[in-house]
Engineer: 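Handing you a structure now.
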Amino acid sequence: MRKPAARADDPAARHLTHEVAGRSLPLRVSEHPRAKRLTLRIKPGAQGLSVTTPVGISMLEVERFLHRNRAWLEDKLDGMPDQPQVRPGVKIPIRGVNHEIVHEAGRGLTRAVRDVDGARLIVRGEREHLPRRVADYLKKEAKAEIGALVEKHTATIGRRAKTIRYKDTVSRWGSCSSEGNLSFSWRIMMAPRPVIDYLVAHEVAHLKHMNHGPKFWALCEELCPDTKRCKAWLKKNGGALQAIGFE
């Protein structure tokens with residue numbers, strides 16, 4: 001770590017770096033008044049580390065805590081790829097199928113193609129706009145597919161969603177507010193179709209049960225019988241999808 005501050009609540013402690021597993025990762029240290037112990041979290045896509053501490057913890061204790069957890073960190077990071085950036089020649093999944101990004105000059109719509117030569121995402125326009133155009137394509141696909149799935153599942157449970165929003169969130173794939181507003185990460189369009197369906201079923205089930213109790217999971221299974229497998233897939237592979245850079 002670079003120039004550690006004396007206390008974890010010092011502003012300088014919020015923007016450090018930590019060297020581990022051959023990577024230099026941004027490290028954010030923050031106090032929480034209700035924290036009883038130090039906790040360590042790897043941000044989605046291994047884009048950084050965060051340590052939460054009880055009030056009054058010194059940075060020396062934080063350093064010792066990171067040292068004690070070094071083996072755990074190295075093991076976790078070993079299975080996480082470095083952040084891939086969207087560019088020509090890179091493959092990204094669309095509905096679970098890897099598509100090679102192909103850039104073509106001139107004007108035109110971004111389109112996915114699957115033929116004897118494989119699966120490709122054809123992106124037209126200026127080269128510097130390619131990442132944004134790929135993101136825009138995924139957003140458009142999300143609005144169409146997720147919108148239809150929300151309509152299907154809300155009809156089943158007899159509830160209506162007030163609004164549907166699409167965001168690029170790093171902490172969660174979806175959410176449901178007490179007012180009935182649904183939000184989804186458009187990155188979910190890179191997951192297989194059954195996983196997309198599971199995510200929508202999960203959030204729609206919250207329109208009836210604003211918790212994760214037995215009744216909620218029973219409804220989730222009713223809407224998406226493959227809930228357990230899809231939930232496990234997202235837990236295992238979601239970080240890699242969050243790591244893909246669209247800038």
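Just so you know, these numbers use all the heavy atoms, side chains as well, and skip hydrogens, waters and symmetry mates.
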Engineer: With heavy-atom distances below 4.5 Å as the criterion, would you say the side chains of Val150 and Phe184 are in contact?
Structural biologist: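 Result yes, sub-4.5 Å side-chain heavy-atom pair found.
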
Engineer: State, with a plain yes or no, whether a side-chain heavy atom of Val20 is found less than 4.5 Å away from one of Glu74.
Structural biologist: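 Yes, at least one pair of side-chain atoms sits under 4.5 Å.
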
Engineer: Give the other cluster members for Val113, using side-chain heavy-atom distances under 4.5 Å between Ile, Leu, Val, Met, Phe, Trp and Tyr residues; answer none if it is isolated.
Structural biologist: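 ILVMFWY cluster around Val113 also holds Val102, Ile122.
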
Engineer: Restricting to side chain to side chain donor-acceptor pair (under 3.5 Å), what partner residues turn up for Glu145, sequence neighbours left out?
Structural biologist: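 Testing Glu145 for side chain to side chain donor-acceptor pair (under 3.5 Å), a comparison that skips the adjacent residues, returns Arg95, Arg193.
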
Engineer: Please identify each residue that fulfils side chain to side chain contact (heavy atoms under 4.5 Å, CB included) with Pro225, with sequence neighbours left out.
Structural biologist: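 By the side chain to side chain contact (heavy atoms under 4.5 Å, CB included) rule, Pro225 matches no residue at all.
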
Engineer: Can you tell me how far the CD1 atom of Ile188 sits from the CD atom of Gln242, to the nearest 0.5 Å?
Structural biologist: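 It is 8.5 Å, given to the nearest 0.5 Å.
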
Engineer: Are Arg159 and Ile157 close enough that some pair of their side-chain heavy atoms sits under 4.5 Å apart?
Structural biologist: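 Arg159 reaches Ile157 side chain to side chain.
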
Engineer: Give a yes or no answer on whether the side chain of His99 reaches the backbone of Val97 with a donor-acceptor pair at less than 3.5 Å.
Structural biologist: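 Present.
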
Engineer: Restricting to side chain to side chain contact (heavy atoms under 4.5 Å, CB included), what partner residues turn up for Glu151, sequence neighbours left out?
Structural biologist: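 Listed in chain order: nothing, the list is empty.
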
Engineer: Can you sort out the partners of Ala148 under side chain to side chain contact (heavy atoms under 4.5 Å, CB included), two or more places apart, ordered by chain and number?
Structural biologist: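 Not a single residue meets the side chain to side chain contact (heavy atoms under 4.5 Å, CB included) criterion with Ala148.
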
Engineer: Rounded to the nearest 0.5 Å, how far does CH2 of Trp186 lie from OG1 of Thr169?
Structural biologist: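 With rounding to 0.5 Å, OG1 (Thr169) is 10.0 Å from CH2 (Trp186).
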
Engineer: Looking at Gly56, is its backbone amide N or carbonyl O close enough to the side chain of Glu31 to form a donor-acceptor pair, meaning the two atoms are under 3.5 Å apart?
Structural biologist: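 At least one qualifying donor-acceptor pair exists.
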
Engineer: Applying salt bridge (charged side-chain N to carboxylate O under 4.0 Å, His left out), can you list everything that pairs with Arg120, at least two apart in sequence or on another chain?
Structural biologist: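 Counting only residues at least two positions away or on another chain, Arg120 forms a salt bridge (charged side-chain N to carboxylate O under 4.0 Å, His left out) with Asp115.
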
Engineer: Please determine whether side-chain contact (heavy atoms from CB on, under 4.5 Å) holds for the pair Leu16 and Met59, giving the CA-CA distance in whole Å, both sets of side-chain angles, and the decisive distance to 0.1 Å.
Structural biologist: CA-CA 11 Å; Leu16 302 167; Met59 281 305 299; 3.5 Å; yes

Engineer: For atom NZ of Lys140, decide whether the heavy atoms of other residues, nucleotides or ligands shown that lie under 6.0 angstrom number more than 12.
Structural biologist: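 Yes, because the 6.0 Å sphere around NZ of Lys140 holds more than 12 heavy atoms from other groups.
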
Engineer: Mind checking what makes side chain to side chain donor-acceptor pair (under 3.5 Å) contact with Asp136, not counting sequence neighbours?
Structural biologist: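 Scan of Asp136 (side chain to side chain donor-acceptor pair (under 3.5 Å), adjacent residues dropped) gives Arg132.
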
Engineer: Quick one: does Val134's side chain get under 4.5 Å of Thr110's, heavy atoms only?
Structural biologist: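 Answer no - side chains too far apart.
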
Engineer: What do the steps show when you test Leu73 against Leu49 for side-chain contact (heavy atoms from CB on, under 4.5 Å), and what is the final call?
Structural biologist: CA-CA 10 Å; Leu73 270 176; Leu49 307 174; 3.8 Å; yes

Engineer: With sequence neighbours excluded, tell me which residues meet salt bridge (charged side-chain N to carboxylate O under 4.0 Å, His left out) with Glu104.
Structural biologist: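 Per chain and number, Glu104 pairs via salt bridge (charged side-chain N to carboxylate O under 4.0 Å, His left out) with Arg124.
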
Engineer: Thr227 side chain to Cys220 main-chain N or O, any donor-acceptor pair under 3.5 Å?
Structural biologist: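 Pair found, side chain donor or acceptor close to backbone of Cys220.
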
Engineer: What pairs with Asn69 under side chain to side chain donor-acceptor pair (under 3.5 Å), at least two apart in sequence or on another chain?
Structural biologist: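 Checked Asn69 against side chain to side chain donor-acceptor pair (under 3.5 Å); zero matches.
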
Engineer: From Asp168 CG over to Ser185 OG, what is the distance, rounded to the nearest 0.5 angstrom?
Structural biologist: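 These two atoms lie 5.5 Å from each other.
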
Engineer: Could you give the distance from NZ (Lys139) to CZ (Arg187), rounded to the nearest 0.5 Å?
Structural biologist: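 The CZ atom of Arg187 is 10.0 Å from NZ of Lys139, to the nearest 0.5 Å.
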
Engineer: Applying the side-chain contact (heavy atoms from CB on, under 4.5 Å) test to Cys176, which of Val204, Leu182, Asn181 qualifies?
Structural biologist: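 Testing each of Val204, Leu182, Asn181 against Cys176, the sole residue satisfying side-chain contact (heavy atoms from CB on, under 4.5 Å) is Leu182.
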
Engineer: If you measure from CG on Asp197 to CD1 on Ile146, what distance do you get to the nearest 0.5 Å?
Structural biologist: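 Answer for the CG-CD1 pair, Asp197 versus Ile146, is 10.5 Å.
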
Engineer: Answer yes or no: is there a side-chain heavy-atom contact under 4.5 Å between Phe65 and Ile57?
Structural biologist: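 Sidechains of Ile57 and Phe65: no contact.
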
Engineer: Under the side chain to side chain contact (heavy atoms under 4.5 Å, CB included) rule, collect the residues that match up with Lys91, sequence neighbours excluded.
Structural biologist: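 Checked Lys91 against side chain to side chain contact (heavy atoms under 4.5 Å, CB included); matches are Asn98, Glu100.
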
Engineer: Mark yes or no for whether Arg133, through its side chain, and Val123, through its backbone, hold a donor-acceptor pair below 3.5 Å.
Structural biologist: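 No; judged by distance alone, with no hydrogens or angles, the pair does not exist.
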
Engineer: Could I get the full list of ring pair (Phe, Tyr, Trp, His ring centres under 6.0 Å) partners for His212, not counting sequence neighbours?
Structural biologist: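 By the ring pair (Phe, Tyr, Trp, His ring centres under 6.0 Å) rule, His212 matches His202, His206, Phe216, Trp217.
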
Engineer: Can you find a pair of side-chain heavy atoms, one from Met189 and one from Ile196, that are under 4.5 Å apart?
Structural biologist: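 In short, these two side chains touch, coming nearer than 4.5 Å.
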
Engineer: Could you check whether any side-chain N or O of His18 sits under 3.5 Å from a backbone N or O of Gly48, counting only pairs where one atom can act as donor and the other as acceptor?
Structural biologist: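 Pair absent, no side-chain N/O of His18 close to backbone of Gly48.
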
Engineer: If we only count heavy atoms from C-beta on, is the Pro88 to Arg127 side-chain gap below 4.5 Å?
Structural biologist: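 Yes, at least one pair of side-chain atoms sits under 4.5 Å.
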
Engineer: Does Thr163 reach the side chain of Glu179, with side-chain heavy atoms less than 4.5 Å apart?
Structural biologist: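 A side-chain contact is absent here, since even the closest heavy-atom pair is not under 4.5 Å.
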
Engineer: Under 3.5 Å, side chain of Arg41 to main-chain N/O of Thr52, donor-acceptor pair present?
Structural biologist: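 It does not hold such a pair.
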
Engineer: Who pairs with Arg160 by side chain to side chain donor-acceptor pair (under 3.5 Å), at least two apart in sequence or on another chain?
Structural biologist: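 Checked Arg160 against side chain to side chain donor-acceptor pair (under 3.5 Å); zero matches.
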
Engineer: Just verifying a value: how many Å separate Tyr166 OH and Ile164 CD1, rounded to the nearest 0.5 Å?
Structural biologist: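 Output value for this atom pair is 4.5 Å.
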
Engineer: Is there a side-chain contact (heavy atoms from CB on, under 4.5 Å) between Ile42 and Trp72? Walk through the geometry before answering.
Structural biologist: CA-CA 11 Å; Ile42 303 174; Trp72 177 84; 4.2 Å; yes

Engineer: Between the main-chain N or O of Arg34 and the side-chain N or O of His32, is there a donor-acceptor pair closer than 3.5 Å?
Structural biologist: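 Judged by distance alone, yes, a pair lies under 3.5 Å.
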
